[in-house]
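As a basis for the values below, the full set of heavy atoms in this structure was taken, side chains included, without hydrogen atoms, waters or symmetry mates.
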Amino acid sequence: MENSLCLECKEPLKGRVDKKFCSDYCRNTFNNSVDKDSKNLIRNVNNRLRKNYKILSELNVSGKMKVTRTKLYDKGFDFQFFTSIYKTKTGNTYFYVYNEGYLALEHDTFLLIRKER
């Protein structure tokens, strides 16, 4: 019978025939390295969305208010990251980060709104 080797450290395995790793450490290390690039991308996008959500919810305490583009930029808001778009019949386009939304108005101002859950 051929001895199996740990998928992470290549040490010989003892025990069950279908065993793949010699320890929890090797199992965790191996699984954390699988698709590391795509996991990092997802983590980075989620962090940007979380930051945008936090900025919108902190600024929009009343549920509906106006704010300037400069104020959003100063807080670190990134307009490239949002979760959904809603277009009204009148042609207005609202961008949402979960339930916090914004609508571009004239003169670099934005209407912040909150969708009730």
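Of the inter-residue distances, the one linking Lys20 atom NZ with Cys26 atom SG reads 14.5 Å to the nearest 0.5 angstrom. The line from CG of Leu59 to CZ of Phe110 is 12.0 Å long, rounded to the nearest 0.5 Å. Between atom CZ of residue Arg50 and atom CD1 of residue Ile55 there is a gap of 13.0 Å, rounded to the nearest 0.5 Å. Atom-to-atom distance recorded for Arg27:CZ and Lys19:NZ is 11.0 Å, nearest 0.5 angstrom.
Looking at heavy atoms from C-beta onward, Pro12 lies out of side-chain contact with Ser4 at the 4.5 angstrom threshold. Looking at Asn60 and Glu100, their side chains come closer than 4.5 Å, going by heavy atoms from C-beta outward. Between Val97 and Phe81, the closest side-chain pair of non-hydrogen atoms is not below 4.5 Å. With contacts defined as side-chain heavy-atom distances shorter than 4.5 Å, the pair Leu5/Leu13 does not qualify. Between Phe30 and Asn28 there is no side-chain heavy-atom pair separated by less than 4.5 Å.
Listed by chain and number, the residues in a side chain to side chain donor-acceptor pair (under 3.5 Å) with Asn40 are Arg43 (sequence neighbours excluded).
Following chains of ILVMFWY side-chain contacts shorter than 4.5 Å, one cannot reach Val61 starting from Leu112, and the two form parts of different hydrophobic clusters. There is a path of hydrophobic side-chain contacts, each under 4.5 Å, that joins Ile85 to Tyr98. Tyr53 and Met65 fall within a single hydrophobic cluster, where Ile, Leu, Val, Met, Phe, Trp and Tyr side chains are chained together by heavy-atom contacts under 4.5 Å.
Between Phe77 and Asn52, the shortest heavy-atom contact is CD1-OD1, 3.4 Å.
Applying the 6.0 Å contact sphere to NZ of Lys39 captures more than 12 heavy atoms from other residues, nucleotides or ligands.
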Exercise for review: Apply side-chain contact (heavy atoms from CB on, under 4.5 Å) to Arg114 and Asn99, showing your working.
Suggested key: CA-CA 6 Å; Arg114 181 175 299 125; Asn99 69 322; 3.7 Å; yes

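Residue Ile113 shares its hydrophobic cluster (ILVMFWY side chains chained together at separations under 4.5 Å) with Tyr86, Tyr94, Tyr96, Leu103, Leu105, Leu111.
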Would you give me the side-chain donor-acceptor pairs under 3.5 Å for residues 67-76, sequence neighbours excluded?
{"unit_1": "Thr68", "atom_1": "OG1", "unit_2": "Lys71", "atom_2": "N", "d": "3.2"}
{"unit_1": "Arg69", "atom_1": "NE", "unit_2": "Asp108", "atom_2": "OD1", "d": "3.2"}

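Between Phe79 and Tyr102, the ring center distance clears the sub-6.0 Å criterion.
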